[in-house]
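Here's the structure, in structure tokens; my notes come after.
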2 protein chains.
Amino acid sequence: MPDAYYLQLTEQLRYLITQHATQWEGRLPAERALAERFSTTRVTLRQALAQLEGEGLIHRSNRRGWFVSPARLVYDPTRDAGFNDYVSAQGRQPRTAVLKLETRSHLTAARALGLPDDQPFHHIRRRRYVDDRAVLVESLWVVPERAPELLDIYSGQSLWGLLRGRWGHHLANRSIRMVSEALSPLDAEELLVTPGAAGLNICRAIFDDQQRPIEYDEEHWLHDSLCIRVELSGQQ
Amino acid sequence: MPDAYYLQLTEQLRYLITQHATQWEGRLPAERALAERFSTTRVTLRQALAQLEGEGLIHRSNRRGWFVSPARLVYDPTRDAGFNDYVSAQGRQPRTAVLKLETRSHLTAARALGLPDDQPFHHIRRRRYVDDRAVLVESLWVVPERAPELLDIYSGQSLWGLLRGRWGHHLANRSIRMVSEALSPLDAEELLVTPGAAGLNICRAIFDDQQRPIEYDEEHWLHDSLCIRVELSGQQ
DNA sequence: CAGTGGTCTAGACCACCCA
DNA sequence: GGGTGGTCTAGACCACTGT
């Protein structure tokens, strides 16, 4: 048993939360109320809350309060099932907000796809929700030749579905990178969380079956909102 | 530009660290010294350090101080290259310490492999280092029939190399799960970090080409020490 | 406007690491 | 045994949220 008080507090809060989550409707009492209940200061209380936040049990919405985190979304970044499909398949409600549509160059995308630095892209930035909680923001950089009128028709649907259905692309080869991160002030603001909150960054470069570059994307997830799962068969 | 002082501090420290990393030999000055240099308190200074820790730029060794983090290890959990091989291939020095060897049952492993709850396993617990920094602890649960004398001969080498070379197993099918976590007090102690430090948990269940269960393992990585990369070709 | 979380101060004591 | 990080107190003010 650990002796630091904030670690004991963590356990007591964990118990309290599992007991009262439904009664509280997923929202924790105010920090000052909790600090008083446990006869400690807000600093120590927040240290305990931060522990539970790191575990993914609770999260906070910037300046709004602490909330019990829902179950993680199971996600396989190696498959191209659309967000809407796999969220629905898990009995959750998906939603997408388009934040930006533009055409411009982007160095990182160009390098990831092996194109010249000044290569223009169709850029889509969108925010995606599960059960009305914003869980990720994402930027997609699509090679314009592969999807000429993309920006005119795009309104939040599955991009990969469009690429396959409308333009007949085979998304055959992909290079995926995942790293933990602290959310940038911009990403944090768009996700309504405090800057520096823990996140997971997933980047993908996608090529077709003739190794032609199609698309590059960067996802920024809240760290507690997903569980990555990959199923593989056959020798590697 | 953010206005909170600790965020400005974060930027100043980031600059200071990149400038003086080699001069400091990777170790930051004492918190009190830094707080005085920036005319603030340790609390605020630590808030800034925690930001950089979340980004993976620096880390701390419990009660020892703050250190500049080395480059992340690139790791593909879908391949069965041994730890020693891919660490060496990146010009780094691998090392493994065996913490425990025993035979006993383990509920999680049994369920992941579809075996009875009381199924016994050969259990190996090991700690692995990159350039003398402990970066992960790991527990492996091997079905004894697949590797009968494993515990007698094991001394830190690649387990998958053994399974393939000595017992001729084909590690054909694997189910992989990755989630962010806060390191448990035990894992944190074994990694010499503070309890609750951010980590990444990777679990795998491995079956052979006839769907017979071989092995289940759980890895606990320091969040800042790896970059997961997966390369895929062919339609999914 | 009241209440909330976010930020910050100026201390303090302790356990532990290292010389 | 001196210095370190880890923990904790008892306040304060501010920006923002929600009513």
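Numbers restart at 1 for each chain; the letters A, B, ... are given by sequence-line order, proteins then strands.
Residue pairs meeting the side chain to side chain donor-acceptor pair (under 3.5 Å) criterion with at least one member in residues 81-93 of chain B, sequence neighbours excluded, are Arg92(B)-Asp131(B).
Comment: Arg204(B) engages Glu219(B) in a salt bridge, judged by a side-chain N to carboxylate O separation of less than 4.0 angstrom. Between Arg72(A) and Asp224(A), no side-chain nitrogen of the basic residue sits less than 4.0 Å from a carboxylate oxygen of the acidic one, so the salt-bridge criterion is not met. The pair Arg104(B)-Glu102(B) meets the salt-bridge criterion, with a side-chain N (NZ, NE, NH1 or NH2) lying under 4.0 Å from an Asp/Glu carboxylate O. Between Glu31(B) and Arg42(B), at least one side-chain N (NZ, or NE/NH1/NH2) sits under 4.0 Å from a carboxylate O, which counts as a salt bridge. With salt bridges taken as basic N to acidic carboxylate O contacts below 4.0 Å, none links Glu138(A) and Arg125(A).
Distance CH2 (Trp66(A)) to P (dT17(D)): 17 Å, rounded to an integer number of Å. Rounded to whole Å, the distance from CD on Glu36(A) to P on dT4(C) is 11 Å. In this structure, Glu31(B) atom CD and dG11(C) atom P are separated by 18 Å, rounded to whole Å. We find that CD of Glu53(B) is positioned 12 Å from C1' of dG5(D), with the value rounded to whole Å. The nearest whole Å value for the distance from the CG atom in Leu7(B) to the C1' atom in dA15(D) is 14 Å.
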| message | Output one letter per nucleotide in nucleotides 14-19 of chain C: B when a protein non-hydrogen atom lies under 4.0 Å from the base, S when only the sugar-phosphate is that close, - when neither is. | response | -BSSS-

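Minimum atom distance to the side chain of Ala30(A) is reached by dG5(C), of the listed dG6(C), dG5(C), dT7(D).
Interface residues of residues 39-52 of chain B facing DNA chain C, ordered by number: Thr40(B), Thr41(B), Arg42(B), Val43(B), Thr44(B), Gln47(B); criterion, heavy-atom separation under 4.0 Å.
Of the residues listed (Ile17(A), Leu16(A), Thr10(A)), the one engaging Arg14(A) in a side chain to side chain contact (heavy atoms under 4.5 Å, CB included) is Thr10(A), and it is the only one.
For the atom pair Tyr5(B) OH and Gln8(B) CD, the distance stands at 7.0 Å (nearest 0.5 Å).
An OP1 or OP2 oxygen of dC8(C) is reached within less than 4.0 angstrom by no side-chain nitrogen or oxygen of Tyr5(B).
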